[in-house]
Amino acid sequence: MKKYFTTPIYYVNDVPHIGHTYCTLATDTFARYWRKKLGKENVFFLTGTDENSQKTVEAAQKSGKPIDQYLEEISHTWRKTWDQIGISYDDFIRTTEKRHVQTVHEILTKIHDAGDIYKSQYEGLYCTGCEAFLKKSDLDGNGHCPDHKKAPQKIQEENYFFRLSKYQEPLLELFSKNPNLLRPEKRRNEVLSFIRGGLEDISISRENAEFGIPLPWDEGHKIYVWFDALINYRSACPGEDFWAGVCHILGKDITRFHSVIWPAMLLSAGIAPPAEEFAHGFFTVNGEKMSKSLGNVISPVDLTEKYGRDALRMGLLSAFEFGNDGDFSLDGFHDLYAKKLAGGVGNLFNRVIVLIHKFLEGKSPASVVGSDYNPPIQFEKCLETNKIREAIQLFFSEVDRANERLNETEPWKLAKTDLPAAEKVFAQLIPMLATLTEMAEVLLPETFPKMKKMLGDEQKVGEPEILFPRVDR
Ligand code: ME8
């Protein structure tokens with residue numbers, strides 16, 4: 001079995017914030033889990049940047065740089081950010097790369113040859129913020145896009161259209177055959193009712209666009225950014241065996257593109273539709289939407305520099321259920337760090353290893369697993385069903401269980417009167433620490449090697465280390 005995980009490719013009109021980071025970290029967690037289970041060579045993880053957009057043109061103009069230079073620099077920033085926070089991507093795609101343009105041309109030619117593209121007059125409202133056409137009914141009372149608070153552009157031109165309407169029934173059939181094509185259920189139902197409501201053909205080219213990939217059969221037209229962007233997943237696909245195990249992770253804002261337009265494009269081109277898609281929710285920061293104007297945009301790099309990579313992961317991924325909307329607050333984040341990471345995991349490992357050095361001269365206690373010890377077996381199941389927060393909760397409850405065992409048995413007192421009894425306590429704790437270390441390989445990849453080192457080998461435990469140093473609020 002092979003697994004191919006993708007994140008959305010992000011727009012480059014701005015640098016990454018913790019919203020993009022949330023999706024990327026979740027995808028990274030799945031990739032790490034499956035690598036551990038199937039072997040590194042059987043998992044492929046793709047992320048990248050979506051560059052052929054009108055937003056790019058505007059951002060480049062604002063920066064005063066030529067567009068190529070702007071793109072070079074900003075895509076580098078995205079890549080560097082993922083490196084700084086420890087994202088284990090196998091490939092990073094930019095939609096201005098040759099390999100992508102080539103795949104776009106191949107797929108568009110197939111769709112064209114299938115008779116699913118025609119030319120017609122287009123009249124409509126286009127919002128650059130959304131990079132999408134809006135209907136009058138989508139607008140607010142001022143005639144503005146409700147998300148971007150700006151009047152959409154009126155567009156009237158000859159465009160090429162994709163016969164999306166033809167795929168209404170095939171898409172419904174696809175959904176009924178594949179329960180994994182978009183989860184959770186709530187998102188799936190939304191998309192299903194959208195499809196049942198009737199699909200209209202969509203415009204896929206712009207005659208007057210300044211920037212973008214030209215249509216293979218009519219160079220005068222640039223391809224609509226979403227029609228090119230979705231194809232990135234094929235441009236970087238390492239092989240058909242990986243395609244069979246593809247899983248797109250995305251936010252709830254872009255499900256119609258991924259679960260309606262994308263599978264229809266693939267059906268038309270004679271390519272298998274995606275095996276799996278999962279749409280996570282959106283979070284607010286202290287109850288407010290993250291926005292530049294509110295000044296509450298949080299940088300993942302700042303948080304990592306202060307608290308470390310694993311704290312950022314745990315803070316974001318445990319804040320609320322993966323698949324639901326939620327809230328993130330810096331206070332909550334700090335508390336999690338202080339109580340669960342430093343006070344929980346860090347304290348546990350440090351205490352146990354220090355005590356073993358003190359009373360057993362660092363000798364690994366004979367690992368008799370206590371009869372009452374059951375490692376949390378649901379962990380794997382959680383990660384295989386996208387329940388990341390539950391997986392993290394299992395980890396922390398195991399930490400609590402081990403800390404409680406330590407506090408109840410007080411081996412530091414016991415060792416003075418009954419050393420073999422104290423040794424038995426340590427022998428029960430070590431397998432718990434080993435289980436936590438196994439889980440950490442997926443959840444806390446930066447701390448994992450330190451935990452492993454502290455556990456040592458069958459003869460001796462390692463040196464104690466501070467896993468999560470004190471951080472001031
Ligand atoms: O839509 N909470 O890119 P994008 C949670 N280029 N997730 C958030 C978030 C928040 N507050 N804000 C953003 C695009 N996200 C297209 C994708 S794919 C072929 C093309 C995440 O830069 C969430 O995953 O606008 C969302 O789907 C994604 O960022 C949108 O990133």
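Whatever order the structure lists them in is the order used to number ligands and atoms, beginning at 1.
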K.L.:
Is the shortest side-chain N to carboxylate O distance from Glu73 to Lys65 below 4.0 Å?
P.N.:
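Judged by the 4.0 Å cut-off on N to carboxylate O distance, Glu73 and Lys65 do form a salt bridge.
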
K.L.:
Should the pair Glu398-Arg401 be classified as a salt bridge under the 4.0 Å nitrogen-to-oxygen rule?
P.N.:
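Salt bridge present between Glu398 and Arg401.
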
K.L.:
Quick one: which of Tyr233, Tyr22, Trp78 has a heavy atom closest to atom 18 (S) of ligand 1?
P.N.:
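Checking each option, the heavy atom nearest atom 18 (S) of ligand 1 is found in Tyr233.
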
K.L.:
Verify salt bridge (charged side-chain N to carboxylate O under 4.0 Å, His left out) between Arg234 and Glu240, making sure each step is shown before the conclusion.
P.N.:
CA-CA 10 Å; Arg234 287 290 300 178; Glu240 292 310 316; 2.8 Å; yes

K.L.:
Under 3.5 Å between some N or O of ligand 1 and some N or O of Met290?
P.N.:
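Such a contact does not occur with ligand 1.
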
K.L.:
What is the ring orientation for His334 with Tyr337, classed by angle as parallel under 30°, tilted 30 to 60°, or perpendicular over 60°?
P.N.:
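Ring orientation, 0 to 90° scale: tilted.
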
K.L.:
Taking only heavy atoms of Cys23, which atoms of ligand 1 are found under 4.0 Å from at least one of them?
P.N.:
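With Cys23 as reference, the close atoms of ligand 1 come out as 24 (O).
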
K.L.:
Quick test: of every protein heavy atom, which one is nearest to atom 31 (O) of ligand 1, and how far off is it to 0.1 Å?
P.N.:
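The closest one turns out to be Tyr10 CD2, 3.5 Å.
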
K.L.:
Would you say the ring centroid of Tyr233 lies under 6.0 angstrom from that of Trp243?
P.N.:
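So the answer is no for these two rings.
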
K.L.:
Before accepting this row, confirm whether a basic side-chain N of the pair Arg183/Glu276 lies closer than 4.0 Å to the acidic partner's carboxylate O.
P.N.:
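Glu276 and Arg183: salt-bridged.
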
K.L.:
Using a 4.0 Å cutoff against the non-hydrogen atoms of Ile254, which atoms of ligand 1 qualify?
P.N.:
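Near Ile254, meaning under 4.0 Å from one of its heavy atoms, ligand 1 has 1 (O), 27 (O).
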
K.L.:
By number and element, which atoms of ligand 1 are closer than 4.0 Å to a non-hydrogen atom of Asp253?
P.N.:
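Once the distances to Asp253 are compared, the set is 26 (C), 27 (O), 30 (C).
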
K.L.:
For a ring pair (Phe, Tyr, Trp, His ring centres under 6.0 Å) check, start with the C-alpha distance between Trp78 and Tyr10, then their side-chain angles and the critical distance, and finish with the verdict.
P.N.:
CA-CA 9 Å; Trp78 279 80; Tyr10 302 105; 5.2 Å; yes

K.L.:
Check each atom of ligand 1 against the heavy atoms of His17 and keep those under 4.0 Å away; list them by number with element.
P.N.:
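The atoms of ligand 1 under 4.0 Å from a heavy atom of His17 are 12 (N), 13 (C).
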
K.L.:
Any idea which atoms of ligand 1 are less than 4.0 Å away from a heavy-atom of His280?
P.N.:
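Counting from 1, the qualifying ligand atoms are 5 (C), 7 (N), 23 (C), 24 (O).
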
K.L.:
Identify the protein heavy atom lying closest to atom 29 (O) of ligand 1, giving its residue, its atom name and the separation to 0.1 Å.
P.N.:
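Protein heavy atom with the smallest distance to atom 29 (O) of ligand 1: His20 CD2, 3.5 Å.
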
K.L.:
For atom 8 (C) of ligand 1, tell me which residue out of Ser291, Gly19, Pro16 has the closest non-hydrogen atom.
P.N.:
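Of the listed residues, Gly19 has the closest heavy atom.
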
K.L.:
Around atom 10 (C) of ligand 1, find the nearest protein heavy atom and jot down its residue, atom name and distance.
P.N.:
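In this structure, atom 10 (C) of ligand 1 has Phe282 CD2, 3.5 Å as its nearest protein heavy atom.
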
K.L.:
Could you tell me whether Asp28 and Arg35 have a side-chain N and a carboxylate O separated by less than 4.0 Å?
P.N.:
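Result for this pair is no, no salt bridge flagged.
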
K.L.:
Short N/O distance, under 3.5 Å, between Pro8 and ligand 1?
P.N.:
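In fact, backbone or side chain, Pro8 has no N or O that close.
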
K.L.:
Counting distance only, does the side-chain N/O of Asp90 pair as donor-acceptor with the main-chain N or O of Phe45 below 3.5 Å?
P.N.:
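At least one qualifying donor-acceptor pair exists.
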
K.L.:
What atoms of ligand 1 come within less than 4.0 Å of a heavy atom belonging to Gly281?
P.N.:
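Per the distance check, 5 (C).
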
K.L.:
Is there a polar contact between ligand 1 and Leu250, counting only N or O atoms under 3.5 Å apart?
P.N.:
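Between Leu250 and ligand 1 (N or O atoms, distance only) the closest approach is not under 3.5 Å.
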
K.L.:
Is Trp262 in contact with ligand 1, taking contact as a heavy-atom separation below 4.0 Å?
P.N.:
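Outside the 4.0 Å threshold, so no.
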
K.L.:
I'd like to check whether Tyr11 has a polar contact with ligand 1, where a contact means an N/O of the residue lying under 3.5 Å from an N/O of the ligand.
P.N.:
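Yes, Tyr11 has an N/O under 3.5 Å of an N/O on ligand 1.
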
K.L.:
Examine Phe320 together with Tyr22 and report whether their ring centres are nearer than 6.0 Å.
P.N.:
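Close enough - the centres of the two rings lie under 6.0 Å apart.
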
K.L.:
Around atom 17 (C) of ligand 1, find the nearest protein heavy atom and jot down its residue, atom name and distance.
P.N.:
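Nearest protein contact, heavy atoms only, for atom 17 (C) of ligand 1 is Ile9 O, 3.2 Å.
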
K.L.:
For Asp50, counting its heavy atoms only, list the atoms of ligand 1 lying under 4.0 Å from any of them.
P.N.:
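Counting from 1, the qualifying ligand atoms are 6 (N), 16 (C), 20 (C).
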
K.L.:
Against ligand 1, does His258 come closer than 4.0 Å with any heavy atom?
P.N.:
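For ligand 1, residue contact (heavy atoms, under 4.0 Å) with His258 is present.
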
K.L.:
Which heavy atom of the protein is the closest neighbour of atom 11 (N) of ligand 1, given with residue, atom name and distance?
P.N.:
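Closest protein heavy atom to atom 11 (N) of ligand 1: Phe283 O, 3.2 Å.
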
K.L.:
Give the contacting part of Lys289 toward ligand 1: side chain, backbone, both or neither, where contact means a heavy-atom distance below 4.0 Å.
P.N.:
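Neither part.
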
K.L.:
Pick out which of Trp262, Phe162, Phe257 makes a ring pair (Phe, Tyr, Trp, His ring centres under 6.0 Å) with Phe227.
P.N.:
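Single pass found, and it is Phe162.
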
K.L.:
Are any side-chain N or O atoms of Thr304 and backbone N or O atoms of Arg309, one a donor and one an acceptor, separated by less than 3.5 Å?
P.N.:
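The answer is no, because no donor-acceptor pair under 3.5 Å joins these two groups.
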
K.L.:
Between Phe257 and ligand 1, find which residue part has any heavy-atom pair under 4.0 Å and reply side chain, backbone, both or neither.
P.N.:
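No part of Phe257 comes within reach of ligand 1.
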
K.L.:
Angle between ring planes, Phe278 versus Phe322, binned at 30° and 60°: parallel, tilted or perpendicular?
P.N.:
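Answer is parallel, since the angle falls under 30°.
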
